[in-house]
Amino acid sequence: MIRRPPRSTLSSSSAASDVYKRQVSTQSTGKQRELEKQRASILQERSNTAAGREDTMAKLKDAIAAKKEALRKMQMDKLKRQQERQEYEATGATPSSASSSDEEAGGASVRDTVSDVADELKDDNSKK
């Protein structure tokens, strides 16, 4: 309940007027405190979101680096196989069928790795 100064005291320096002034300043201080609490909670939430975003970005960078390394390895293996085939053709022999099955197995393992990383990121995001 807000107290108002009595109507009979027209002077702004009366005791009743001072009580009224204190009430108004106390109410505004309470609102300021509430706003500061809300501001602090918003800043904390933003900070948590930013930290989560940084974690996700780090995981993505690691996953991308691993995928690039796997692709480089596959390309090197493929290049080796092509060179082996060229050598076989130059000598007149035929390459074994094992090299083609290796290529298929390598492609499947990379696809599995990619889907595993994607599943991990989905799980991490769903936990937050």
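Scope of the values below: all heavy atoms of this structure, side chains included, with no hydrogens, waters or symmetry mates. Sequence positions, counted from 1, serve as the residue numbers for this chain.
Interatomic distance, CD of Gln82 versus CZ of Arg85, reported as 7.0 Å (0.5 Å rounding). Separating the OG1 atom in Thr56 from the NZ atom in Lys61 is a distance of 12.0 Å, to the nearest 0.5 Å. With rounding to the nearest 0.5 Å, the separation of CE in Met74 from NZ in Lys67 is 13.5 Å.
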side-chain contact (heavy atoms from CB on, under 4.5 Å) assessment of Asp77 paired with Lys73: CA-CA 6 Å; Asp77 290 344; Lys73 185 177 179 184; 4.0 Å; yes
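Remark: Glu69 pairs with Arg72 by the salt bridge (charged side-chain N to carboxylate O under 4.0 Å, His left out) rule, at least two apart or across chains.
Put simply, the side chain of Lys68 reaches to within 4.5 Å of the side chain of Ile64, judged on heavy atoms. In this structure, Arg39 and Leu35 have side chains that are not in contact, with every pair of non-hydrogen atoms separated by 4.5 Å or more.
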Which pairs would a plain distance check flag for residues 40-47, meaning a side-chain donor or acceptor within less than 3.5 Å of a matching protein atom at least two apart in sequence or in another chain?
residue	atom	partner	partner atom	Å
Ser41	OG	Gln38	O	2.8
Gln44	NE2	Asn48	OD1	3.2

